[in-house]
Number of protein chains: 2
Amino acid sequence: MVTIYDIAQHANVSAMTVSKVINNTGRISEQTRKRVKKVMEELNYIPNSNARSLVLQQTKILSLLITDITNPFYTSLARGAEDTAKRLGYRLLFGNSDEDYLKEQDYVDMVLSTRVDGVLFAPAGDQSLKNLEKLMAHKIPFVILDRAVPGIESDIVAGDSKEGARKLVDYLIELGHSRIALVNGSLEVSTARLRYQGYAESLKLQGIELDHELIIQKSYRDYKDGEYLNQLLSNPSPPTAIFAANNFLAVGVIRALRERGIRVPEDMSVVCFDDLDLSSALDPFLTVASQPAYLFGAMGMQLLVERIQGNSTPDIRKIILPSDLIIRSSAQALTSEYV
Amino acid sequence: MVTIYDIAQHANVSAMTVSKVINNTGRISEQTRKRVKKVMEELNYIPNSNARSLVLQQTKILSLLITDITNPFYTSLARGAEDTAKRLGYRLLFGNSDEDYLKEQDYVDMVLSTRVDGVLFAPAGDQSLKNLEKLMAHKIPFVILDRAVPGIESDIVAGDSKEGARKLVDYLIELGHSRIALVNGSLEVSTARLRYQGYAESLKLQGIELDHELIIQKSYRDYKDGEYLNQLLSNPSPPTAIFAANNFLAVGVIRALRERGIRVPEDMSVVCFDDLDLSSALDPFLTVASQPAYLFGAMGMQLLVERIQGNSTPDIRKIILPSDLIIRSSAQALTSEYV
DNA sequence: TTGTAGGCGTTATCAT
DNA sequence: ATGATAACGCCTACAA
């Protein structure tokens with residue numbers, strides 16, 4: 001491998017001079033600068049950033065931890081993070097936790113050994129607490145994305161889950177629904193709790209009693225199996241609408257409904273959190289509370305880098321991004337016969 | 001930061017002994033091993049992989065370069081790559097080229113300075129040649145994904161684009177279509193060329209003359225604007241079916257058709273390469289040639305690591321993965337009135 | 001079984 | 001304007 005010494009030798013200067021040319025630091029004559037640059041070209045020299053990291057005590061590597069790149073929400077988020085990282089001169093290390101805080105832990109160890117300059121962290125859930133604490137113990141700056149973790153005070157970019165849920169449920173109520181089921185993520189996850197709260201508040205404000213029989217807990221990733229629908233449907237007074245707490249769950253719900261011969265929205269209205277991007281472009285069907293996923297990543301990355309580079313320690317910043325109610329056709333007014 | 005020396009000191013041994021404990025190398029008494037491990041725990045020691053990389057001359061970092069993580073095809077591919085990399089003990093550096101070989105070049109430079117052990121490379125197109133050559137010049141092993149690049153002989157995992165295209169067009173012909181348009185990617189990209197060839201061959205075998213007026217060139221990413229449809233539709237003998245060379249293009253085609261009040265499949269049949277995953281789960285609409293995207297990533301990663309770790313230099317391996325014709329409802333038989 | 005010396009490629013500091 | 005030296009944290013080779 002060609003090193004800085006090779007360049008130095010070929011250019012008849014010291015390694016130090018080469019280093020200065022590379023980093024535009026210190027004073028060197030235009031003449032030698034030219035000569036050195038020429039040699040670097042000829043020898044195809046590329047500085048070894050590991051060696052650099054070692055002495056500089058910074059890697060210019062950031063890491064992005066999400067639960068599943070396969071979910072369009074995180075996919076856009078990742079894109080925002082990557083674009084911004086690149087723009088700011090950072091490389092991006094990447095990992096999926098699969099909503100599993102143990103996988104997350106492995107990843108945190110990886111990240112620590114890499115000595116990344118910071119982490120963009122979309123936690124699996126409350127159990128991520130110890131993983132985050134580990135990061136703190138090692139003084140690795142991080143910004144939390146999407147899900148707050150009780151016990152952790154840090155910069156965060158999240159959506160307004162409660163408000164979004166409220167909009168969705170309000171909308172269903174406007175359409176005349178009162179038996180509204182909630183297919184939710186695990187309550188170990190802040191967004192699921194908030195979406196539940198929004199759901200409950202909305203019902204309460206409209207004077208609709210909350211029926212725990214209409215509430216299902218899943219993991220955000222468990223969308224294949226629609227078994228839980230049986231519980232909902234066998235209810236003496238079954239729901240006429242379902243609020244799915246995220247896009248995956250909604251897809252699962254709709255598929256399961258169709259398997260049972262239940263049409264959406266004719267027989268059952270369905271709404272959810274998070275959009276489906278391409279799907280929605282193809283077929284504007286799902287009524288959703290859409291979150292600006294790209295911004296989550298982009299702003300999170302921005303905050304992270306600011307914190308890393310900030311000489312002072314500014315106050316903790318919490319950015320709450322609103323969601324948009326996008327009304328399409330998966331929910332419809334309850335026809336009088338059902339009322 | 002706590003280093004190997006701190007551990008050594010606290011455990012009353014030399015740094016070397018600690019190193020041996022960490023790497024399970026050389027012989028050390030169970031007693032000191034225990035003691036050292038205990039100290040490492042207490043001090044929260046995590047080895048610095050940069051320092052390690054420097055002396056070992058390997059980083060245990062691989063990189064994945066794709067054109068757009070936002071495309072479900074690459075998203076699944078990325079997932080396969082990540083899972084496999086993790087399983088094999090590698091970290092993954094990540095980048096989007098946006099079908100732009102200049103962005104790709106930036107990324108290659110990044111990758112070189114990181115001294116990654118290898119690269120999983122989904123090229124933007126034929127112009128990626130020089131980027132690949134740069135990798136070769138620096139002796140960085142790589143595996144090409146999805147798109148072959150003329151002039152480069154390397155391990156590759158790709159789909160059978162020609163065959164897939166043929167299946168799709170054969171299917172359309174079976175349905176009675178003969179005026180079949182092709183909305184293709186740039187011919188600077190191997191898959192676009194092969195899909196064109198498959199299209200042409202299929203037509204020829206069925207005795208249908210190829211009409212260049214029915215062929216559109218786009219970039220695989222240009223799917224927003226449906227302007228090109230006008231050319232197709234104003235044809236004196238307009239197409240009754242459209243073969244879109246990838247999922248993005250298909251979405252663009254369908255949206256543009258709908259904007260013009262043209263129904264799919266009633267007024268126009270549409271098929272394409274690559275599936276839409278979640279979309280298709282929600283609404284099995286598009287008839288596609290589906291490629292095993294996850295496998296592209298997983299197998300590619302496997303090949304890459306084998307090449308990196310392989311003591312010998314085995315022959316170049318070319319893996320061609322078949323695509324599946326998935327018949328749904330976006331294409332239908334041509335009714336007699338149009339024949 | 002354990003330790004010493006030297007080096008991986010770079011840069012900060014301080015001379016010259 | 002340029003260079004010598006030491007250091008970043010770790011590991012290989014060799015010695016004890």
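Per chain, numbering begins at 1; letters A, B, ... match sequence-line order.
No side-chain donor-acceptor contact under 3.5 Å links A/Asp83 to the backbone of A/Gly80.
Considering only residues two or more places apart in sequence or on other chains, B/Arg33 meets the side-chain contact (heavy atoms from CB on, under 4.5 Å) condition with B/Val21, B/Asn24, B/Ile28, B/Glu30, B/Lys37. In this structure B/Arg52 satisfies the side-chain hydrogen bond (donor to acceptor under 3.5 Å, both in side chains) test together with B/Asn23, sequence neighbours excluded.
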What verdict does the side chain to side chain donor-acceptor pair (under 3.5 Å) test give for B/Thr59 and B/Arg91, after you've listed the backbone C-alpha separation in whole Å, the side-chain angles of each residue and the deciding distance to 0.1 Å? CA-CA 9 Å; B/Thr59 53; B/Arg91 293 166 286 173; 5.6 Å; no
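Contact between the side-chain N/O atoms of B/Ser29 and the OP1/OP2 oxygens of C/dT1 is not found at any separation under 4.0 Å.
Residue contacts shown for A/Ser53 are absent, as no nucleic acid heavy atom lies under 4.0 Å away.
The rotation axes computed at either terminus of the helix from C/dT1-D/dA16 to C/dT16-D/dA1 lie 40° apart, taking five pairs at each end and rounding to 10 degrees.
Residue pairs meeting the side-chain hydrogen bond (donor to acceptor under 3.5 Å, both in side chains) criterion with at least one partner in residues 135-146 of chain B, sequence neighbours excluded, are B/Tyr74-B/Asp146.
Scanning all heavy atoms of the two residues, the minimum distance from B/Ser128 to B/Tyr101 falls at N-CB, 4.4 Å.
The existence of a salt bridge linking A/Asp155 and A/Lys318 is excluded, since no basic side-chain nitrogen approaches an acidic carboxylate oxygen closer than 4.0 Å.
You'll find the side chain of B/Tyr220 stays beyond 4.5 Å of the side chain of B/Ser186, heavy atoms only. By the 4.5 Å heavy-atom criterion applied to side chains, A/Leu129 and A/Ile152 are counted as neighbours.
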Readout for nucleotides 6-16 of chain C: B = base within 4.0 Å of protein heavy atom, S = sugar-phosphate only, - = neither; 5' to 3' it is --BBBSBB---
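Of the residues listed (B/Asn71, B/Thr75, B/Thr70), the one engaging A/Thr75 in a side-chain hydrogen bond (donor to acceptor under 3.5 Å, both in side chains) is B/Thr75, and it is the only one.
Think of the region where chain B sits on DNA chain D: with heavy atoms and a 4.0 Å cut, that region ends 5' and 3' at D/dG9 to D/dA13.
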